[in-house]
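What follows is a set of notes on a single structure, which appears directly below.
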Amino acid sequence: MATPLTADRLVAALRAEGVTVREVPGWRDHNRNHKGAWGPVHGVLIHHTVTGLGTDVVGLIYNGHSALPGPLATGCITKDGVVHLTANGRANHAGGGDGAVLNAVITESYSDRPPAPREHDGSAGAVDGNARFYGWECENKGDGKDPWPKVQYGAMVRATAAICRAHGWGPKSGIGHMEWSDWKVDPRGFDMKDFRAAVAERLEHEPGWSPGEEDDMPTANEVAEAVLKLDGVIVVPGAPKTNPTWTLSSVQTEILKRLDRANTALVAQSAAITKLAGLVGEDVDTATVVAAVEQAIADAVVKVSVEVSDGTKGA
């Protein structure tokens, strides 16, 4: 059993999912709780409003009409993708429905679709859906021809996923009104199986994720290559004044060259010291020692330079 979300938790969940939320004034205290139970909740019901241009659809969902007092849903999702919150609690949206469907939603035990409903509001075996479901009334003529803008459909998926995520439910906790009552046909214009698949995809990612984001992420190799080519960042000691900053790849090459030169010098020094050590104790003058050391260094530098350039050393 799930305790209904508080107003604050609902708003936070929706915004975390990337939903644009408008809090209709008074919605936090607006409900039908005085007419029946609210909770435990088990799912989200999707509706279409059967309204066209010129209708104050948000006002209609908030206030209701002469035959059915409002609020008529938890929120109204308009064609611009905004979720207008209209109720915090029980709302007149689901009506009576099939207990077998409710059980299938609770257990999420069905395949592509819940069992076909055999009950409706007022029928002998109907159960109270207003107590068990959040409801999204989604602006549409409901004729099967009125399009569902991408931004609106995306908001419907996000809003449903937000509630499912907050309760720890899976995508099968979201159903259409037609899947709840055998009297209903909404929503028309898309398949609830596909809708649940979109909700499932969202729930596999972190809140706020959008389809295609992974494709925009560079690979590790692409990042490394970009870093190597980044110029104007590293100041190189001894670089020409006309080119004081280098790319990382150029710095890497220069480091290797300088290491080669340092190794060459070390080898030359070692050879010179060896040569000098051989002269210690011999009866020679200073000039002869200096000449011998200089010649040893020169010979070693030439020898090592040739070996490095032809690849016979330093591999």
Side-chain angles (χ1 to χ4, degrees), residues 5 7-28 30 43-63 70-88 91 93 133-167 169 171 173-178 186-216:
L5 299 175
D8 286 341
R9 283 196 64 200
L10 176 59
V11 171
L14 290 169
R15 287 180 173 156
E17 206 69 42
V19 173
T20 300
V21 177
R22 174 180 173 250
E23 297 189 54
V24 177
W27 82 277
R28 289 172 177 259
H30 192 45
V44 183
L45 223 58
I46 307 299
H47 309 262
H48 60 221
T49 57
V50 196
T51 55
L53 295 176
T55 302
D56 176 12
V57 64
V58 177
L60 173 64
I61 303 307
Y62 185 89
N63 295 310
L72 303 185
T74 307
C76 177
I77 304 179
T78 46
K79 284 189 175 290
D80 57 3
V82 176
V83 175
H84 305 260
L85 293 176
T86 53
N88 177 32
H93 71 100
F133 290 95
Y134 299 90
W136 298 128
E137 279 283 0
C138 306
E139 183 182 13
N140 191 274
K141 292 179 181 178
D143 57 4
K145 299 177 182 179
D146 189 16
W148 293 94
K150 183 177 179 180
V151 66
Q152 182 187 26
Y153 187 82
M156 293 157 58
V157 170
R158 287 177 184 266
T160 302
I163 291 178
C164 290
R165 193 189 302 274
H167 282 295
W169 299 336
S173 289
I175 64 173
H177 202 187
M178 67 174 71
D186 57 322
R188 296 180 69 185
F190 63 87
D191 194 318
M192 283 302 301
K193 175 174 68 70
D194 298 332
F195 183 86
R196 281 187 284 271
V199 173
E201 184 180 23
R202 290 205 57 78
L203 292 177
E204 291 173 355
H205 297 81
E206 294 297 315
W209 168 84
S210 293
E213 283 185 349
E214 289 88 345
D215 297 336
D216 297 331

Could you report the tightest heavy-atom contact between [X] and [Y], atom names first, then the distance?
X: A162; Y: A13; result: CB-O, 3.5 Å
X: A155; Y: I77; result: CB-CG2, 4.0 Å
X: A159; Y: L14; result: CA-CD2, 3.7 Å
X: L72; Y: A91; result: C-CB, 4.1 Å
X: H177; Y: H93; result: CE1-O, 3.3 Å
X: L5; Y: Y134; result: N-OH, 2.9 Å

Residue pair [X] / [Y], side-chain heavy-atom distance below 4.5 Å:
X: R28; Y: D8; result: yes
X: W27; Y: V11; result: yes
X: T49; Y: L60; result: no
X: I61; Y: V24; result: no
X: L203; Y: C164; result: yes
X: P187; Y: M192; result: yes
X: M156; Y: V83; result: no
X: W169; Y: I163; result: yes

Under the side chain to side chain contact (heavy atoms under 4.5 Å, CB included) criterion, do H30 and Y62 qualify, and how do the steps go?
CA-CA 8 Å; H30 192 45; Y62 185 89; 3.3 Å; yes
Do we see a donor-acceptor contact under 3.5 Å between the side chains of S210 and R158?
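Yes, a side-chain donor-acceptor pair sits under 3.5 Å.
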Does one side chain, of Q152 or W148, offer a donor that lies under 3.5 Å from an acceptor on the other?
no
Check: T74 side chain, W136 main-chain N or O, donor-acceptor pair, under 3.5 Å
no
Does V82 offer a backbone N or O that forms a donor-acceptor pair with the side chain of T20 under 3.5 Å?
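Answer holds: no.
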Between F190 and I46, does the side chain to side chain contact (heavy atoms under 4.5 Å, CB included) criterion hold? Intermediate values first, please.
CA-CA 11 Å; F190 63 87; I46 307 299; 4.2 Å; yes
Pairs satisfying salt bridge (charged side-chain N to carboxylate O under 4.0 Å, His left out), at least one member in residues 139-149, at least two apart:
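Qualifying pairs: K79-D146.
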Of all residues at least two apart in sequence or in a different chain, which pass the side-chain hydrogen bond (donor to acceptor under 3.5 Å, both in side chains) check with E17?
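Listed in chain order: R165, R202.
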Taking atom CG of N140 and atom CG of D186, what is their separation to the nearest 0.5 Å?
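Between N140 CG and D186 CG, I get 10.0 Å after rounding to 0.5 Å.
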